[in-house]
Amino acid sequence: MQVRTRFAPSPTGYLHIGGARTALFSWLFARANGGSFVLRIEDTDKERSTQASVDAILEGMEWLGLDYDEGPFYQTQRFDRYNEVIQKLLDEGKAYRCYCSKEELEAMREEQVANKQRPQYDRRYRDFSGEPPAGVAAVIRFKNPLDGAVVIADQVLGQITISNEELDDLIIARSDGTPTYNLTVVVDDMDMNITHVIRGDDHINNTPRQINLIKALGGIPPIYAHAPMILGDDGKRMSKRHGAVSVSAYAEEGILREAMLNYLVRLGWSHGDQEMFSTAEMLALFKLTGINKSASTFDVDKLHWLNQQYLKEADANELADDLAKRLPEALQAAPREMLLQVVELQRERVKSLSEMAETSVLFFQDPTAYDPKPAKKFLGKASLPILTDLKERLAQLAHWQAEAIQGCIADYADEKGLKFGKVGPPVRIAVCGNANSPALDQTLTTIGQEAVVRRLNTAISYIENLVEPAS
RNA sequence: GUCCCCAUCGUCUAGUCGGCCUAGGACAUCGCCCUUUCACGGCGACAACAGGGGUUCGAAUCCCCUUGGGGAUGCCA
């Protein structure tokens with residue numbers, strides 16, 4: 001059997017973490033089994049669907065590298081087909097028109113809740129044959145079986161049984177004639193020959209309705225696999241409240257694609273104790289049975305850790321390209337060689353590319369201010385002779401290389417009977433503006449002799465102009 | 001309220017059909033080491049089988065109940 005999976009988002013927002021993981025699972029399962037992966041946009045809710053959301057979802061998928069073999073199909077372009085199916089159901093007596101208004105249904109629900117009954121449409125029009133009320137636009141409802149039960153053989157949750165008594169006659173076409181979700185999913189999954197439906201377990205409750213619908217249409221239900229939800233750090237369903245939940249926000253932050261995929265795949269799925277998975281490994285190891293049953297919580301710290309791991313391994317040229325783009329505009333023309341050096345110095349020190357860009361400005365631009373705390377400590381009158389002497393020596397260094405620079409500073413410290421810890425920090429603050437920069441010798445090497453000397457001069461005049469505090 | 005699902009460290013999880021689990025790994029946190037800073041790295045510490053009943057020679061693993069959490073209960077998907 002040719003495996004066919006699908007990802008079927010509704011375009012009512014960006015591609016969020018949960019959706020991305022569902023897509024990843026579907027994609028992995030299709031690819032791992034030599035099957036096809038279909039993308040379908042479920043845009044039947046015209047009120048909430050937007051083109052911007054479609055674009056955002058497509059972009060997110062592309063960034064993640066989740067390529068699809070067919071689609072994107074848009075449900076709004078398949079209304080003729082849905083109407084055909086609805087008509088067929090009507091003709092066969094498997095569906096009927098219901099003339100209840102939204103207000104009536106609302107009142108019915110309220111009364112049932114007040115009487116501690118389960119809210120359910122009372123099927124008053126199920127066998128109606130009289131004269132329909134005038135001026136009411138009907139909805140079309142599916143005649144759900146009245147007894148028996150639906151059994152779902154879920155690939156991750158196991159067997160789930162739901163009594164038909166719990167299910168009411170769901171609306172398959174709105175009063176304006178447009179089809180609703182449960183109908184369109186069923187028609188599409190059948191028409192597109194979907195064999196495995198992998199989706200979030202918030203859909204578990206829809207599954208028995210859909211199975212009943214499929215059976216009424218003479219189809220064979222696909223195999224279902226409901227992945228647990230991803231929750232925010234407060235245990236609630238992920239939403240904007242929890243900070244960045246869109247995949248593209250992480251792309252912007254400078255999370256590597258590989259890190260994102262790795263994080264996503266480990267959220268609710270595991271293979272023993274293994275933490276790191278390349279895409280190839282995921283494809284080789286992914287199985288639906290490895291998916292967890294319980295919901296998991298999104299943890300951005302672990303994502304960042306993973307990102308750092310991938311940053312260490314990433315291609316230097318690609319990182320340099322990205323770094324240049326993220327630098328302030330005036331600095332983007334920095335020499336390639338220098339960008340590559342900066343990447344090497346920074347890749348182990350940062351958790352994201354945006355952080356790398358922020359902390360790398362100092363290589364390309366003289367400090368515009370000194371970090372107050374370390375400046376107060378190391379850029380005082382006491383440092384003046386050190387900086388002045390070192391500036392002279394560094395300016396005369398014939399070979400501007402890390403080893404020579406290191407030797408120059410160390411020799412100076414030796415001669416003066418100073419510890420390196422007395423000499424290094426003032427130079428660091430003077431040149432970098434702050435106290436947390438990469439190894440001093442390599443940093444100076446990368447910044448370049450001319451700029452270093454210039455920066456030391458600036459720091460020297462800064463100190464000379466300091467108003468000596470009354471002591 | 002009703003229905004469905006879930007339940008191991010703060011978080012992600014390991015835990016092949018009950019014994020090798022005085023519960024392992026990773027992130028986070030905290031120490032120590034490395035180090036001119038910050039990181040990286042190394043070593044170590046802290047930290048969990050929700051509770052109660054069973055079944056069994058033996059249960060984190062099986063059953064039941066309770067509790068807790070999530071989802072659904074839409075002319076949203």
Side-chain angles (χ1 to χ4, degrees), chain A residues 8-12 42-45 47-49 75 98 100-102 105-106 109 112-120 137-141 152 154 157-158 160-163 165-168 170-176 178 180-182 184-185 199-208 226 228-229 231 233 235-237 263 266-276 292-306 308 312 345-351 359 374 378 406 409-410 413 419-425 427-429 432 434-441 443:
Chain A
S10 61
T12 55
E42 309 214 323
D43 54 354
T44 53
D45 183 352
E47 306 276 298
R48 300 196 304 155
S49 301
Q75 292 191 321
C98 164
C100 287
S101 68
K102 285 182 189 176
L105 291 170
E106 188 55 38
R109 257 194 295 274
Q112 287 164 333
V113 170
N115 294 334
K116 304 208 174 205
Q117 294 171 310
R118 80 173 144 251
Q120 201 175 43
V139 299
I140 297 170
R141 289 182 182 270
I152 309 165
D154 193 273
L157 261 16
I160 299 167
T161 305
I162 291 155
S163 166
E165 288 172 22
E166 299 298 329
L167 277 20
D168 61 7
L170 64 291
I171 293 172
I172 55 176
R174 303 182 178 91
S175 51
D176 67 0
T178 57
T180 60
Y181 166 73
N182 281 300
T184 58
V185 177
R199 56 174 22 163
D201 72 6
D202 49 333
H203 281 293
I204 265 273
N205 296 277
N206 290 320
T207 306
H226 287 94
M229 312 222 62
L231 309 175
D233 52 17
K236 302 282 186 216
R237 194 185 182 135
Y263 181 73
R266 277 289 282 111
L267 204 53
W269 176 84
S270 61
H271 181 260
D273 281 339
Q274 189 170 341
E275 296 288 349
M276 307 268 293
N292 255 264
K293 292 181 173 192
S294 51
S296 41
T297 306
F298 185 80
D299 178 18
V300 76
D301 283 333
K302 190 146 188 179
L303 206 212
H304 281 147
W305 174 77
L306 269 171
Q308 190 168 46
K312 289 198 274 194
L345 287 180
Q346 294 279 65
R347 65 195 313 168
E348 288 190 356
R349 310 167 49 78
V350 298
K351 297 197 176 323
T359 58
F378 293 112
Q406 176 65 26
I409 300 175
K419 292 201 164 167
F420 200 105
K422 208 73 182 162
V423 182
V427 176
R428 179 188 299 280
I429 315 301
C432 303
N434 66 57
N436 329 324
S437 36
L440 189 56
D441 53 348
T443 302

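Throughout, protein chains are lettered first and strands after them, A, B, ... in sequence-line order, and every chain is numbered starting at 1. Computed over heavy atoms, backbone and side chain alike; hydrogens, waters and symmetry mates excluded. Note that this is a predicted model, so its numbers are computed, not measured.
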For residues 294-303 of chain A, which side-chain N or O atoms pair as donor and acceptor with protein atoms under 3.5 Å away, sequence neighbours left out?
from: D299(A); atom 1: OD1; to: D301(A); atom 2: N; distance (Å): 3.2
from: K302(A); atom 1: NZ; to: E275(A); atom 2: OE1; distance (Å): 3.2

Would you mind classifying the nucleic acid contact of [X] as base, sugar-phosphate or nothing, using non-hydrogen atoms under 4.0 angstrom?
X: A413(A); answer: nothing
X: K312(A); answer: sugar-phosphate
X: Q406(A); answer: base

side-chain contact (heavy atoms from CB on, under 4.5 Å) partners of [X], counting only residues at least two apart:
X: Q346(A); answer: V342(A), R349(A), M356(A), T359(A), S360(A), F363(A), P438(A)
X: A137(A); answer: S175(A)
X: D202(A); answer: M229(A), R237(A)

Contacts of [X] that satisfy side-chain hydrogen bond (donor to acceptor under 3.5 Å, both in side chains) - sequence neighbours left out:
X: Q120(A); answer: none
X: D154(A); answer: H226(A)
X: D168(A); answer: none
X: D176(A); answer: T178(A)

Any chance you could measure N292(A), atom CG, to L157(A), atom CG, to the nearest 0.5 Å?
11.0 Å

Summary of protein contacts for [range], nucleotide by nucleotide, where a base hit scores B, a sugar-phosphate-only hit scores S (4.0 Å, heavy atoms):
range: nucleotides 60-67 of chain B; result: --------
range: nucleotides 72-77 of chain B; result: SSSBBB
range: nucleotides 7-16 of chain B; result: S---SBSS--

List for me each residue that meets ring-ring contact (aromatic ring centres under 6.0 Å, His included) alongside H304(A), sequence neighbours excluded, and say none if there are none.
none

C75(B) and G15(B), which share atom name C1', separated by this distance in whole Å:
48 Å

Taking only the C1' atom of each, what is the distance from A48(B) to C27(B) in whole angstrom?
15 Å

